[in-house]
Amino acid sequence: MNVENNRATDVIKTREADIANVLLTGEALKTRIAELGEEITQDYQGTELLVLGILKGAVLFMADLIREIKLPLTFDFLAVTSYGASTQSSGVVRILKDVERSVEEVHILIVEDIVDTGLTLKYLKENLSRRNPKSVKVVTLLDKPGRRKVDVVPDYNGFTIPDEFVVGFGLDFNEQFRNLPYIGILKPEAYRS
Ligand code: IMP
Ligand code: MG
């Protein structure tokens with residue numbers, strides 16, 4: 001048990017050398033996620049929700065959020081290609097893993113880690129809407145409106161953040177940093193090499 005714990009701490013310490021500063025602490029995230037859950041619980045009273053997490057970034061946020069939604073719900077995951085190994089959007093969105101059931105007549109709540117250019121979200125909303133759900137809404141943990149390329153507004157947003165590349169709490173750079181328990185700004189030299 002102790003050995004495992006020490007290893008996990010070591011990994012986090014190593015990664016922390018690449019973090020310029022902490023933008024959102026674990027505590028701040030927890031508090032805001034509870035508020036979002038409450039809001040969603042109020043808005044969807046009397047209905048049943050399909051919560052759709054976008055892999056992999058939204059996994060941590062979604063795990064916390066659904067425990068704050070006091071409604072009957074089911075959840076599933078969608079995987080799409082977006083950035084690959086870069087910090088810039090390619091503009092190409094493709095579904096790699098689709099929902100496992102029909103979403104016809106279902107209230108869909110898409111869970112995103114971050115809305116940046118908006119390309120991913122716009123594509124997903126249009127794609128899911130064509131399948132005749134009852135509704136399609138979006139909750140995102142973070143919103144970077146300064147980088148928007150297409151007109152898309154999340155229905156629920158945890159935090160509006162400046163135009164910086166952030167990692168942690170599910171968000172990655174080259175698949176790393178997802179396990180940080182906070183949102184941090186990556187040092188530019190960490191992705192320049
Ligand atoms: P969009 O299509 O440009 O809105 O990009 C959305 C996806 O890009 C997110 O789901 C993230 O995976 C990734 N992304 C955008 N900005 C960041 C960031 O600052 N850090 C890590 N991933 C990001
Ligand atoms: Mg990513």
Side-chain angles (χ1 to χ4, degrees), residues 23-24 29 32-33 35-37 39-40 43-44 47 49-66 69 73-175 178 183 185-186 191:
L23 188 64
L24 297 162
L29 293 166
R32 184 67 186 123
I33 292 169
E35 288 172 4
L36 288 171
E39 214 184 312
I40 291 164
D43 291 356
Y44 286 90
T47 66
L49 262 181
L50 172 64
V51 178
L52 260 190
I54 311 305
L55 294 172
K56 303 169 212 166
V59 166
L60 278 74
F61 172 40
M62 179 166 139
D64 286 352
L65 181 69
I66 55 176
I69 301 177
L73 63 79
T74 58
F75 67 78
D76 202 348
F77 296 99
L78 264 175
V80 297
T81 55
S82 54
Y83 285 9
S86 161
T87 58
Q88 293 297 308
S89 176
S90 63
V92 178
V93 183
R94 196 160 51 90
I95 292 181
L96 299 176
K97 183 223 166 286
D98 210 334
V99 194
E100 284 169 16
R101 54 176 264 203
S102 160
V103 297
E104 216 172 292
E105 294 299 303
V106 169
H107 289 289
I108 302 173
L109 181 64
I110 301 173
V111 184
E112 259 287 26
D113 52 358
I114 186 166
V115 184
D116 187 31
T117 63
L119 289 163
T120 309
L121 202 52
K122 189 172 163 49
Y123 173 83
L124 283 178
K125 277 190 85 170
E126 286 174 1
N127 183 294
L128 290 164
S129 297
R130 280 199 295 273
R131 307 184 200 181
N132 299 320
K134 266 199 187 118
S135 67
V136 183
K137 284 193 177 182
V138 179
V139 56
T140 187
L141 180 61
L142 307 173
D143 189 8
K144 265 200 262 185
R147 300 222 339 138
R148 208 68 101 246
K149 284 188 185 158
V150 288
D151 186 24
V152 54
V153 182
D155 301 276
Y156 306 93
N157 170 31
F159 300 90
T160 299
I161 65 162
D163 180 12
E164 304 261 18
F165 196 79
V166 292
V167 293
F169 211 78
L171 289 110
D172 75 305
F173 171 66
N174 270 354
E175 296 299 323
R178 293 194 196 274
I183 301 281
I185 296 174
L186 199 59
Y191 52 82

Do the side chains of Lys125 and Ile110 get nearer than 4.5 Å, heavy atoms only?
yes
Tell me, with the steps shown, if Leu119 and Leu121 meet side-chain contact (heavy atoms from CB on, under 4.5 Å).
CA-CA 6 Å; Leu119 289 163; Leu121 202 52; over 6 Å; no
Charged N to carboxylate O below 4.0 Å: is that the case for Arg131 and Asp98?
yes
Show me, pair by pair, the donor-acceptor contacts under 3.5 angstrom made by side chains of residues 58-66, not counting sequence neighbours?
from: Asp64; atom 1: OD1; to: Arg67; atom 2: NH2; distance (Å): 3.0

Would you check, one step at a time, whether the test side-chain contact (heavy atoms from CB on, under 4.5 Å) holds for Leu29 with Ile183?
CA-CA 9 Å; Leu29 293 166; Ile183 301 281; 4.0 Å; yes
Val51 and Val111, any side-chain heavy atoms less than 4.5 Å apart
yes
Once you round to the nearest 0.5 Å, how far does OG1 of Thr160 lie from CG of Asp143?
5.0 Å
side-chain contact (heavy atoms from CB on, under 4.5 Å) between Leu141 and Ile114: does it pass, once the steps are laid out?
CA-CA 6 Å; Leu141 180 61; Ile114 186 166; over 6 Å; no
Taking Thr81 for its side chain and Arg94 for its backbone only, find out whether a donor-acceptor pair lies under 3.5 Å.
yes
Got a donor-acceptor contact below 3.5 angstrom from the Arg32 side chain to the Asn157 backbone?
yes
Applying salt bridge (charged side-chain N to carboxylate O under 4.0 Å, His left out), name anything that partners Lys144, two or more places apart in sequence or on another chain.
Asp116
In Å and rounded to the nearest 0.5 Å, what is the CD1 to OG1 distance from Ile54 to Thr120?
8.5 Å
Using modelled atom types only, decide if a donor and an acceptor are shared between the side chain of Asp155 and the backbone of Val138 within a distance under 3.5 Å.
yes
State, with a plain yes or no, whether a side-chain heavy atom of Leu55 is found less than 4.5 Å away from one of Leu96.
no
Do you see a donor-acceptor pair shorter than 3.5 Å between the side chains of His107 and Thr47?
no
Has Asp163 got more than 12 heavy atoms of other residues, nucleotides or ligands less than 6.0 Å from its CG?
yes
Give the minimum heavy-atom separation between Gly158 and Leu36, together with the two atoms involved.
CA-CD1, 3.8 Å
Go through Glu164 and Leu186 one step at a time and tell me if the side-chain contact (heavy atoms from CB on, under 4.5 Å) criterion holds.
CA-CA 8 Å; Glu164 304 261 18; Leu186 199 59; over 6 Å; no
Just how far is it from atom CD of Glu112 to atom CG of Leu78, taken to the nearest 0.5 Å?
10.0 Å
Working to the nearest 0.5 Å, report the span between CD1 of Ile69 and CD1 of Ile40.
4.5 Å
Here the gap from Leu23 atom CG to Ile185 atom CD1, rounded to the nearest 0.5 Å, amounts to 4.5 Å
Would you check if Leu142 and Val166 make a side-chain contact, meaning some heavy-atom pair closer than 4.5 Å?
yes
Side-chain ion pair, Asp113 and Arg178, N-O less than 4.0 Å:
no
If you measure from CG on Leu73 to CG on Leu109, what distance do you get to the nearest 0.5 Å?
9.0 Å
For Phe77, does the CZ atom sit with more than 12 other heavy atoms under 6.0 Å from it, leaving out its own atoms?
yes
Side-chain ion pair, Lys97 and Glu100, N-O less than 4.0 Å
yes
Hey, is Lys122 close enough to Glu126 for a salt bridge, meaning N to O under 4.0 Å?
yes
Worked verdict on Glu175 versus Lys56 for salt bridge (charged side-chain N to carboxylate O under 4.0 Å, His left out)
CA-CA 9 Å; Glu175 296 299 323; Lys56 303 169 212 166; 2.8 Å; yes
